[in-house]
Engineer: 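Structure provided below as structure tokens; questions to follow.
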Amino acid sequence: MKLDSASLVSQLESLLGKDLVRSDATALESYSHDATPIFQGLPEVIVAPKTTADVVKIVNFARQTSTPIIARGAGSNLCAATVPLSGGIVMSMANMKKILEVSKSEMLAVVQPGVTNLDLDQLVEKDGMRFIPDPGSRSVSTIGGNVATSAGGLRGLKYGTTKNYILGLEAVLGTGELIRTGGRLVKDVAGYDVTRLLVGSEGTLAVFTEITVALAPRPSTSKYGVAYFDDLSCAAIAVEKIISHGIMPSTLEFLDNTCITAVEEFAHLGLDTGAGALLLFGDDGEGESVSLTVNKMAEIVKESAGGRGVSLAQDVAAAEALLYARRCSLPALARLGSLSILEDIAVPRPKMAHVVTAIEGIGAKHNLRIGTFGHAGDGNLHPTIVVDKDNAAEVKRAELALSEIFHLAIAAGGTITGEHGVGSAKLPYLQELLGETNMQLQRSIKHVFDPDNILNPNRLGS
Amino acid sequence: MIEKFTQSKLDRCISCGYCLPACPTYQLTGAEESSPRGRITLMRAVQEGRLPIVDLLPEAGFCLGCRACEPVCPAGVEYGTLLEEMRDMAWQGKNRPLIIRGLFIAVQSKIGMWALGFLSPTAKNRKANPELNLMLGCFERRLFPSVSRTVAKLDTNISVCKEQSCCGALHAHNGELEKGRQMAQKLGEELTGTIITTAGGCAAHLSDVIGRDRVREFSQWWSQNEGKLEKIKKSGRTLRIGLQDSCHLRNGLGVFKEPREILKQLGDYVEVPDAGGCCGAAGSYSLLQRKNSRKVISKKIQDIKELNLDYLVTLNPGCTRQLVSQLRRARVKTKVIHLAELIDLSL
């Protein structure tokens, strides 16, 4: 039986205690957004469970009352996956932020979903270990959120992304049942790989209550270099050459001229603003091998077409400045207008040179400022359209351009999202990418996990 | 009173949430509305007419105003200014806390300032370099008069004029933005040349209004000196010294290396965990939000206790008051001292 908002609040209060339930206008308003622009929707109530038992209670309650639930970590996702467009309950995982166990001998950690990436990484650093997934938002984004979106980051090419580091999950299904999948094992092929299915499920199949992650040894050395090119496609070709030489470095990031200029104006790092593209390359590991790899990359890049010079960072400070240039691309771009729409396509590397040129064409055609940066080694591009939010015509042109960029990616054999997720922002393009049969399969899977369609409804599979 | 938030300042925020881990109130509650990003969402709702400004009263009061969110913001959001605007709009008429009204009355009149300084042994009137003037502060002259006396002793070039008004930081931070700016202007006219202040909060506000080139916070100013200081010994042992940053000095003016460099000369400098994090004094906050103020400082008190420091150095009178009272409450023996007074001990 569906409840009105007031009864929803009062019943949840008696179920969980008043401390864990909030429904004042300011609380509801503040949870009406995540980090995605434009999308907004008011929830009816916010709950912040402290234990797995609380989560079970909430899901059961939601099922009985047909109330949507959106599980939310830090709300730093960029695909409107946690905007409560259907009202209902926002379940904040902020109170479940304990690191339950770190095992050095097994190279793993067991955490609650509200732990941030940075907190875990800093804790295991003491033991010479590292938590690999490093989305740009790592200081704020939670591991629950990583799992929900299978978050990527700057280390994808060499080390993989979140999906490669989740060993086991404890989760509450839409039926209110608690399951455990996977565990602590390196090898385990008993049954379907439900763990992997839940990774990237965007809160539509289950709510994670405990996550077992694999850790990696922390490399002792890292080195970086920077190269400039006439344009982004030349940089893309250089990236392909590096990898064709059998080198899989930890860092291959690039920015176009719009980004370089914006970053330079913002951060004054001494970047070459006359260049069409900047390629940041680097590697990490042990001893001399790192220098050898980075020097080899510098050589390859030097020989590559459209190059405008290569230099290696001589010290940590110089390397930090280069990494910072990459990390601050988005905020630097965002300063150029009142609304920035950040996209996240990924394409096969051999198509990347073509795709970046085509994106420039789309920007010119619609008279839009598009800055493109991205994880060049992964073929993962973040074209960012910066507009004036009050200029309706410009916003409209941006929507058209976005749609063309998605079609471009799909036509190139790529995807509409490499690491940010589908959420509500990219749902309209999912069917085109996956096709009807696959979409039907997704819907069937959703139905098995969440027969009453209460978990993040109207998103993946529903 | 202002009518609206500055739209361009609201637009700066891209809602990335990088401010969340830096925010002491978000760390206490885990509630989005108690984070800088959440509060900006609320300000936008007010701007767009979805929420009345009175709905923001709880958050206008709960926010410390420490501005720890500013250095970590990749988009350069001027949260401190937005908060001042929020309080300017929210704390009008009966919605302004009584304590604030009382404090305003104390510092905005000549007689009030005279009363604060009356019989208080601050630095004495002195005509020295007319281009170098010591600011006495409002409550600092009453609560910690020895600080100005010590600074005057440390450098005889500094002029002191006791007839000076309040810099208006109190007003600006508590819902009287325009008045706060006018007061800073006035003080800038009363005191010529460079103004030396021993309060980080005043330094940041004054710099904002009359320009950074005219204001030097004490540690900033002292660090221009070339001479090296001697280590302070106590029965043959070098002192263990920690620091509590002043939030606005660190987050607003970016001054935090200077005091550390000075302290390294004076003794065994120990970095207190989260020394840059707010101590919960936050201007009038410790009076208005006693409970929350104590929650904010509780971990810090434990940390200081465990470090077994001889001195904890402060750069702002509000922090001094808060740390003195809270350390005493927890029976921690560490002495709280302004940087100027510790330098004086070494000479």
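Chain letters run A, B, ... following the sequence lines, proteins first, then strands; residues in each count from 1.
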Engineer: What's the separation between atom CG in B:L42 and atom OG in A:S32, rounded to the nearest 0.5 Å?
Structural biologist: 8.5 Å

Engineer: With chain B as the partner, which of A:Q40, A:R138, A:K97 has the greatest number of non-hydrogen pairs under 4.5 Å?
Structural biologist: A:Q40

Engineer: With distance as the sole test, does A:Y31 use its side chain to make a donor-acceptor pair with the main-chain N or O of B:E32 at under 3.5 Å?
Structural biologist: yes

Engineer: Is it the case that atom CZ in B:R101 sees more than 12 heavy atoms from other parts of the structure closer than 6.0 Å?
Structural biologist: yes

Engineer: State whether the side chain of A:S30 and the backbone N or O of B:E33 hold a donor-acceptor pair below 3.5 Å, judged by distance alone.
Structural biologist: yes

Engineer: Report which part of A:R72 has an atom under 4.5 Å of a heavy atom belonging to chain B: side chain, backbone, both, or neither.
Structural biologist: side chain

Engineer: Among A:P37, A:S76, A:G75, which has the most heavy-atom pairs under 4.5 Å with chain B?
Structural biologist: A:G75

Engineer: Given that the side chain runs from C-beta out, which part of B:R50 has a heavy atom under 4.5 Å from chain A: side chain, backbone, both or neither?
Structural biologist: side chain

Engineer: Donor-acceptor check, side chain of A:R335 to backbone of B:A75, threshold 3.5 angstrom: yes or no?
Structural biologist: yes

Engineer: At what distance, to the nearest 0.5 angstrom, does SG of B:C16 lie from CG of A:L78?
Structural biologist: 9.0 Å

Engineer: For A:A27, is it the side chain, the backbone, both, or neither that has a heavy atom closer than 4.5 Å to a heavy atom of chain B?
Structural biologist: both

Engineer: Could you look at A:R327 and say if it's the side chain, the backbone, both or neither that has a heavy atom under 4.5 Å from chain B?
Structural biologist: neither

Engineer: Which region of A:D119, side chain (C-beta onward) or backbone (N, CA, C, O), has a non-hydrogen atom less than 4.5 Å from a non-hydrogen atom of chain B, or is it both or neither?
Structural biologist: neither

Engineer: Is there side-chain contact between B:R37 and A:H33, with heavy atoms separated by less than 4.5 Å?
Structural biologist: no

Engineer: Could you tell me which portion of B:I14 (side chain, backbone, both or neither) has an atom closer than 4.5 angstrom to a non-hydrogen atom of chain A?
Structural biologist: both

Engineer: Please indicate whether B:R214 has more than 12 foreign heavy atoms, meaning atoms of other residues, nucleotides or ligands, lying under 6.0 Å from its CZ.
Structural biologist: yes

Engineer: Quick check on A:K18: does its NZ atom have over 12 non-hydrogen neighbours (other residues, nucleotides or ligands) under 6.0 Å away?
Structural biologist: no

Engineer: Taking all heavy atoms of A:F266 and all of B:P74, pick out the closest pair and write down the distance.
Structural biologist: CZ-O, 3.1 Å

Engineer: Among A:A332, A:A48, A:G136, which residue forms the greatest number of heavy-atom pairs with chain B at distances under 4.5 Å?
Structural biologist: A:G136

Engineer: I'd like to verify something: which residue of B:V72, B:L56, B:L20, B:T41 has the highest number of heavy-atom pairs under 4.5 Å with chain A?
Structural biologist: B:T41

Engineer: State, to 0.1 Å, how close B:L51 and A:A25 come at their nearest heavy-atom pair, and which atoms those are.
Structural biologist: CD2-CB, 3.8 Å

Engineer: Count the heavy-atom pairs under 4.5 Å between each of A:A334, A:S137, A:C328 and chain B, then report the option with the highest count.
Structural biologist: A:S137

Engineer: I'd like to know if B:R44 pairs up with A:E29 as an ion pair, taking the criterion as any Lys NZ or Arg NE/NH1/NH2 lying under 4.0 Å from an Asp or Glu carboxylate oxygen.
Structural biologist: no

Engineer: Please classify the contact between B:Q7 and chain A as side chain, backbone, both or neither, with a heavy-atom cut-off of under 4.5 Å.
Structural biologist: side chain

Engineer: Please rank B:C73, B:G17, B:G76, B:P21 by heavy-atom pairs under 4.5 Å with chain A and give me the top one.
Structural biologist: B:P21

